[in-house]
Amino acid sequence: MRVQHRHIIYIQGYDPRGLAQYYRMFRTELRKFGRLYQLQATISRPKVASDDEIASWTIDTKAEDWQTRTSYDFLRFEDFIQQDLASPIWRTVFSAVWIYWRLVFAGTIGRFGKANWRFATFITYPHLMLLLEAACAAAIAFVFEKGLNALGIPDIFSIAIAIGLFVALLGVVLKYTENATYVLYLLCDTIWTWEFSRRERPEWDQRIDRFARHLIKTAKSTDADEIVIVGHSSGSFLSTEMLARALKLDPELGRHGPRIVLLTIGGNFPIVGYHAVSTEFREHLRMLAVEPSIDWIDCQARKDVMNFYQFDPIASHGIDVGASRRNPTIVPVRFRDIILPEHYKKFRWQFFRVHFQFVMANELPNAYDFFMIVCGPVPLSARMTLPDAALDIATGDSAVRDRAWKRIEAVTMTAQSAADLSKVEPSARRSG
């Protein structure tokens, strides 16, 4: 099967920038994608639903011997995130510190470290920065208090003034260094994942439920050849939640028409799944692990400290489904292979920039290419099964492309036959 129409459902992670900045980034990276592969790609303006929860646009892509149309839905949470970031600084600091030490004493931080020490270091980073900034503010307040004592101010007043100065200085430092340190943003993220894991954010759950119904409606009405659900960063566990809830509402979801593929990239499942109370989330992972009508692909990068590299989202959560397991397919991504060396050296230590490379354009042709996944003619599951053939279709001459298509079509037909078999009742399959 050659994809002519694809429907992308992109689930926003914990990113306050929202639609406007994401769309501008997407449009800029789409142009880079077109230049890299010498093809034409045009994008429409976004249309926002009346409830402001979903924005949609289309991309038309045309190469020498193929063309595709992509419907793109951007599922939004930035209003909730911006509300979190508007919380008073003192409340954010106290809540996040209290949660972090509960994670330490519960052993959750230790489990993060065993799963991926880089992520455990990353989640500890804002607390170390907070400690450093608090120490500097305390030192200034201490010196000021001693100065007041030297002037003869009674201790009860000098200490009170010093405490007030400490609080004011820390608040100012946190506020005006935020663009460089991201401390408050990361502390808010910690609070949110803690509350989300405990189902203490009903507004998030209600919106995910609405998005699940949107997915069901799309699957029933679209003429797309495949639906790809994309969850980047925190969107990884949000997308699994949405898909699992949709399957509960409609167990035949993946059999209505187009193949449904879940693509999680730069995922961080343990920040929800490692909480003891997250039993429902782990049950959703179990459901997706064995669901025959859904393909789930999880892409991970070693260089990204904000994802869990070499992490099995199923086994690492203590989920054992035996031989019935079919998801996810774990795909390693090397950013060094998709970025020019001179550029890679410049941003390799910019952790947020590295993290977003998953959804940005390549500078070198590679089997992992977000915009080829979105706009290209190769079905996503086949792309991950035969990455060299998918790359040949993007970069090879006519003869090379023809051979690659034959390989991909053979794999697609085999997968389709297996999918058709999965629709048969187990008793019928056993009896032949």
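A distance of 13.0 Å separates CD1 in I8 from OG1 in T58, rounded to the nearest 0.5 Å. Separation of atoms CD1 (I81) and CZ (R76) is listed at 11.0 Å; rounding is to 0.5 Å. Here the CG-CG distance, from L247 to L288, works out to 6.5 Å after rounding to the nearest 0.5 Å. Considering CD1 of I338 and CG of N366, their distance stands at 6.0 Å, rounded to 0.5 Å. Interatomic distance, CG of L215 versus CD1 of I11, reported as 8.0 Å (0.5 Å rounding).
Every residue meeting the ring-ring contact (aromatic ring centres under 6.0 Å, His included) condition with F335, not counting sequence neighbours, appears here in chain and number order: F358. R207 is linked by a salt bridge (charged side-chain N to carboxylate O under 4.0 Å, His left out) to E53, D79, counting only residues two or more places apart in sequence or in another chain. A search for ring-ring contact (aromatic ring centres under 6.0 Å, His included) contacts involving Y23 returns W57, not counting sequence neighbours. The side-chain contact (heavy atoms from CB on, under 4.5 Å) test applied to R199 returns F196, D205, E241, R245, E280, not counting sequence neighbours. Annotation: side-chain contact (heavy atoms from CB on, under 4.5 Å) contacts of E283 (sequence neighbours excluded): R286. For the ring-ring contact (aromatic ring centres under 6.0 Å, His included) test, no residue two or more places apart in sequence or in another chain qualifies with H7.
Counted by atom type alone, Q4 and T68 present zero donor-acceptor pairs between their side chains at under 3.5 Å. If you check the side chains of W296 and T329, you find no donor sitting under 3.5 Å from an acceptor. Side chain to side chain, D337 and Y368 fail the donor-acceptor criterion of an N or O pair below 3.5 Å. Side-chain atoms of Q300 and D298 include a donor-acceptor pair closer than 3.5 Å. In summary, the side chains of T108 and H275 do not present any donor paired with an acceptor at a separation below 3.5 Å, with no hydrogens or angles considered.
Between F371 and Y37, the gap from one ring centroid to the other reaches at least 6.0 Å. Checked against the 6.0 Å centroid threshold, Y125 and Y182 do not count as a close aromatic pair. Within the 6.0 Å centre-distance limit, the rings of Y72 and F26 are counted as a close aromatic pair. Residues F269 and F237 keep their aromatic ring centres 6.0 Å or farther apart.
Residue pairs meeting the salt bridge (Lys or Arg N to Asp or Glu O under 4.0 Å) criterion with at least one member in residues 215-239, sequence neighbours excluded: R6-E226, R69-D223. Under the ring pair (Phe, Tyr, Trp, His ring centres under 6.0 Å) criterion, the residue pairs touching residues 214-234 are H232-H355, H232-F356, with sequence neighbours excluded. Evaluation of the salt bridge (Lys or Arg N to Asp or Glu O under 4.0 Å) test over residues 299-310, restricted to residues two or more places apart or in two chains, returns none. Within the structure, no pair that satisfies the salt bridge (Lys or Arg N to Asp or Glu O under 4.0 Å) test touches residues 351-374, not counting sequence neighbours. Screening residues 128-143 for side chain to side chain donor-acceptor pair (under 3.5 Å) gives E133-T177 as the qualifying pairs, with residues at least two apart or on separate chains.
Not one N or O on the side chain of E29 forms a donor-acceptor pair closer than 3.5 Å with the backbone of V359. No donor-acceptor pair under 3.5 Å is formed between the side chain of Q67 and the backbone N or O of D60.
Using cut-offs of 30° and 60° on the angle between ring planes, the pair W204 and W192 is tilted.
Of the residues listed (F119, Y274, W117), the one engaging F308 in a ring-ring contact (aromatic ring centres under 6.0 Å, His included) is F119, and it is the only one.
Pairing each heavy atom of L170 with each of A137, the nearest pair is N-CB, 4.0 Å. Here the shortest heavy-atom pairing between L36 and P365 reads CD1-CD, 4.0 Å.
Surrounding CZ of F352 are more than 12 heavy atoms belonging to other residues, nucleotides or ligands, all under 6.0 Å away.
Judged by the 6.0 Å and 45° rule, R401 forms no cation-pi pair with W405.
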Would you give me the side-chain donor-acceptor pairs under 3.5 Å for residues 86-100, sequence neighbours excluded?
residue : atom : partner : partner atom : Å
T92     : OG1  : P88     : O            : 3.4
S95     : OG   : R91     : O            : 2.9
Y100    : OH   : T124    : OG1          : 3.0

